[in-house]
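Encoded as structure tokens, the structure appears first; notes follow it.
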Amino acid sequence: MLKIADRTFSSRLLLGTGGFASLEVMGEALRASGAEMCTVALRRVDPEQRGSILDVLADVIALPNTAGCFTARDAILTAQLAREAFETDWVKLEVIGDDRTLLPDAPGLLEAAEALVDDGFTVLPYTTDDPVLARRLEDVGCAAVMPLGSPIGSGMGICNPYNLSLIVEQAGVPVILDAGVGTASDAALAMELGCDAVLCASAISRAREPVAMARAIRYAVQAGALAREAGRIPRRLYAEASTPEVGLPEFGA
Amino acid sequence: MKVLVNGEERRVDDGATVAALLDALELAPGRRGVAVAVDAEVVPRSGWGERRLSDGSQVEVLTAIQGG
């Protein structure tokens, strides 16, 4: 079971809802993924829009994000608006520092996280894979840390498994790999490295077959968690025979 | 008076409330998944009926979309 703040989840896969071609495909992928919590964003109402994403997410927990915010002030205001709109004090906090890489802005992130925790929010920050920043975020009261594997939507997987391992080793709150997953094996690796969960959007929504990829990543997360528990063997430079040498016949010259 | 709603100028009755504006936009109060900010300040749902707009108010009416 995954426990974040006062909630428990049996699925260790969180679904980001961005990038799906339609709400129908999103709904199908959601069912295939088994996810129990999905991110949503807040934008200006579109009077032309038919059907609400919230109807598709009726059976899961909607986790509002602050995507698109470049300052702590905007992120705080967006989180407060999301609290009104979704009647939840949970927020996936994003404070972006660069519009090309969408990498987090560390000082802004920490400032917003602290303010939102003080305001009663359950804060899940999207952060870099810097173990020191992850610790600072935990210190100010974040309910989880969500380091990136690589930039949002890049599909480059986990660029720095060493850093991710350090974050996992020191964390007293759940570690959720957020961003960078390109395919199922990346999600499995995140879990093998000890992450508590994986958040996936583009890898599923932009796959050729989003519903099939949702299923693949669901099982990859489960496989990775099982493998972590089972314990991988150490890496060696040279082979170590698995077949015994005792009883090996000699065939002469 | 004129107010700016999601970046577009709209004419509303003098002293119109947030609730009145949402009605005019056909966004019934109580509608799930809507949040309002006036001049960069959150107006809680419970205050939509009381919060009056003034000439030039900047209103943001937001709702859930796919993302993240």
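Residue numbers begin at 1 in each chain, while the letters A, B, ... track the order of the sequences.
Taking 4.5 Å as the limit, every side-chain heavy atom of A/Glu84 sits out of range of all side-chain heavy atoms of B/Val34.
Only the backbone of B/Val36 comes within contact range of chain A, judged by heavy atoms closer than 4.5 Å. Only the side chain of A/Arg73 has a heavy atom closer than 4.5 Å to any heavy atom of chain B. Contacts between A/Tyr126 and chain B at a heavy-atom distance below 4.5 Å are absent for every atom of the residue.
The distance from atom CZ of A/Arg83 to atom CZ of B/Arg45, rounded to the nearest 0.5 Å, is 13.5 Å. Annotation: the span from A/Leu42 atom CG to B/Thr63 atom OG1 amounts to 7.0 Å, rounded to 0.5 Å. Atom OG of residue A/Ser22 and atom CD of residue B/Gln66 lie 7.5 Å apart, to the nearest 0.5 angstrom.
In A/Asp118, the CG atom is crowded: over 12 heavy atoms of neighbouring residues, nucleotides or ligands sit closer than 6.0 Å. Within a 6.0 Å sphere centred on NZ of B/Lys2, heavy atoms belonging to other residues, nucleotides or ligands number 12 at most. More than 12 non-hydrogen atoms from other residues, nucleotides or ligands lie less than 6.0 angstrom from CG of A/Asp119.
Side-chain atoms of A/Arg43 do not come within 3.5 Å of backbone N or O of B/Ile65 as any donor-acceptor pair.
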What's the verdict on side-chain contact (heavy atoms from CB on, under 4.5 Å) for B/Leu62 and A/Arg44, showing C-alpha distance, side-chain angles and the deciding distance?
-> CA-CA 4 Å; B/Leu62 307 177; A/Arg44 288 172 165 174; 3.9 Å; yes
